[in-house]
Amino acid sequence: MEEFVQHLLNGLNLGAVYALIALGYTMVYGVLQLINFAHSEVYMVGAFAGFYGANFLRLTDKPGWGAFALTLLMSVVVCSVLGLCIERFAYRPLRNAPKLNALITAIGVSLFLQFAGQVVFGATPQFFPQVLEDRTLFQAGAIQIQLFDVTILSVALIAMAGLHYLIQYTRTGMAIRAVSFSFRSATLMGINVNGVIAVTFIIGSSLAGIAAVLVALKYPKIDPLMGMLYGMKAFVAAVLGGIGNFRGAVLGGIIMGLSEEMVVAYLSSSLRDALAFGLLIFILLVRPSGLLGQMKVEKV
Amino acid sequence: MSAPVLSVKNLKVNYGAIEAVKGISFEVFAGEVVSLIGANGAGKTTTLRAVSRLLPSEGEILLNGKDITGTAPHKLIDEGLVHSPEGRGIFLNMTVEENLKLGAFRRKDLKDLESEMNACFDMFPRLKERLRASAGTLSGGEQQMLSISRALLSKPKVLILDEPSLGLAPRIVQQIFQIIQTLNKQGMTILLVEQNARMALKVSHRAYVLETGKVRLSGEGRALLANPEIQAAYLGVT
Ligand SMILES: Nc1ncnc2c1ncn2[C@@H]1O[C@H](COP(=O)(O)OP(=O)(O)OP(=O)(O)O)[C@@H](O)[C@H]1O
Ligand SMILES: [Mg+2]
């Protein structure tokens, strides 16, 4: 029983990270109906931004909340700029081209960043600096709660709550929802569609940057190909929840994280990565629109 | 006569190889209601979209004497050009209230917004009842009321209406045309596209009859109503 509770907590944590990344896929899909395959590399670059930034500023000398927050910030800024560039230079020129062209470009950008990462950061794994020190906060039998676990979950929840507020209650959020529904109608409301799409990339990329630092905190080994696995799982999470749907991305992420943890704990750790593919195939067969997704209403 | 508020000269619009608008010219003066009428596919909607810069085009479009062909479409609302589109352009993923607020998206002064919204509810009490409902659950007629109300909240100086009476019950159609006249009496300039040519010509100072992308005829609303050719082709008089 205690073991199960521990797995539940771990799964939830992993799920929160998947959810953060999945939200980026879903947001971009919402406005452009494009699967931004480069998103997983934005996540990877976020980890390296934190790595270089924290090392440059020698944040490991004084680990703590300040160092951690600063690392998050550096990652978020670099990811935002990268996301913005990807949108501006890779996707925007193809805005009116067939969707397939943009999709192929997305895969191209993803591969490009993987290789550029290997050239610039080197192919050998690096170790993410300890900007925060872990400690056990709570222990009862087999249940152990670490500071990192609490940090990951709280930061992820705060980011998601912030996103919810932004989307539902602010002018920018209203503009994003309007653009997701129809470029033309949004334009007639005086909404700058290009600007809103850029903002969407900034937000989605920022969430990936946050996720990268959170993961690197717990699993400090980082390398230029690290985005592939997390990105793929988060993408499956987004599809599982219903791509384009915010609550779906969170739900999908949590399901993904929990089931991965449980499969590894009670079945076999060799199934860890196969699970995502299994889930993807299953959902595409049973409910292609995802758990919370609706069959697309034709736009007017 | 003073200069026109809106002046379109030799407008041409293509959809790929299809030439939908083939050199249309028309003018709208301040305080006028001007209609574009014509059969399905004549190019009315295309013309309006080009005026709102939703489509690239050739030719000149002057708003208050200023060429707007290079203006970003989302900025035209600042110049007072507001467009209630064909199909109503409602955001079905939002509530009625959010749709109304989007009408005021770019407005700087919002202090009268509430009273303006109330004025809309006086016109269309149904909207007030459905304020919190998802716009996707509105009937077609209710969506049309929402589209017109929302356009008014954008504070138009020139209001473009593309088939505002489409799909509405006769009583509501009457009401829409009354509203057009009331707004016009209050000084609003209106560019109207309508299938209901008889009603449109009645409320219009002037009208242009489009046929396959060209202006076939133009003149005063009353004169066109009495024109036997128009009567036969558009008013169902035999
Ligand atoms: N997106 C498009 N792609 C290609 N052709 C188009 C497109 N939209 C309109 N057309 C064509 O352009 C012509 C003019 O269409 P438009 O919608 O302007 O007509 P309309 O006068 O508004 O007709 P209706 O009264 O039916 O609304 C039609 O022949 C139509 O088929
Ligand atoms: Mg039309």
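First the proteins, then the strands, lettered A, B, ... as listed; each starts at 1.
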Legend entry - Residue pair B/Arg130 / B/Glu97, side-chain heavy-atom distance below 4.5 Å: no
With a 4.5 angstrom heavy-atom cut-off, is it the side chain or the backbone of [X] that approaches chain A, or both, or neither?
X: B/Leu102; value: both
X: B/Ser52; value: side chain
X: B/Arg53; value: neither

Pair count under 4.5 Å, heavy atoms only, with chain A: among B/Glu98, B/Lys75, B/Arg88, highest is B/Glu98
So CD1 of B/Ile77 and CG of A/Leu188: to nearest 0.5 Å the spacing works out to 7.5 Å
Here the gap from B/Met117 atom CE to B/Leu113 atom CG, rounded to the nearest 0.5 Å, amounts to 4.5 Å
Between B/Leu81 and the options B/Thr71, B/Val51, B/Thr189, the side chain to side chain contact (heavy atoms under 4.5 Å, CB included) test singles out B/Val51
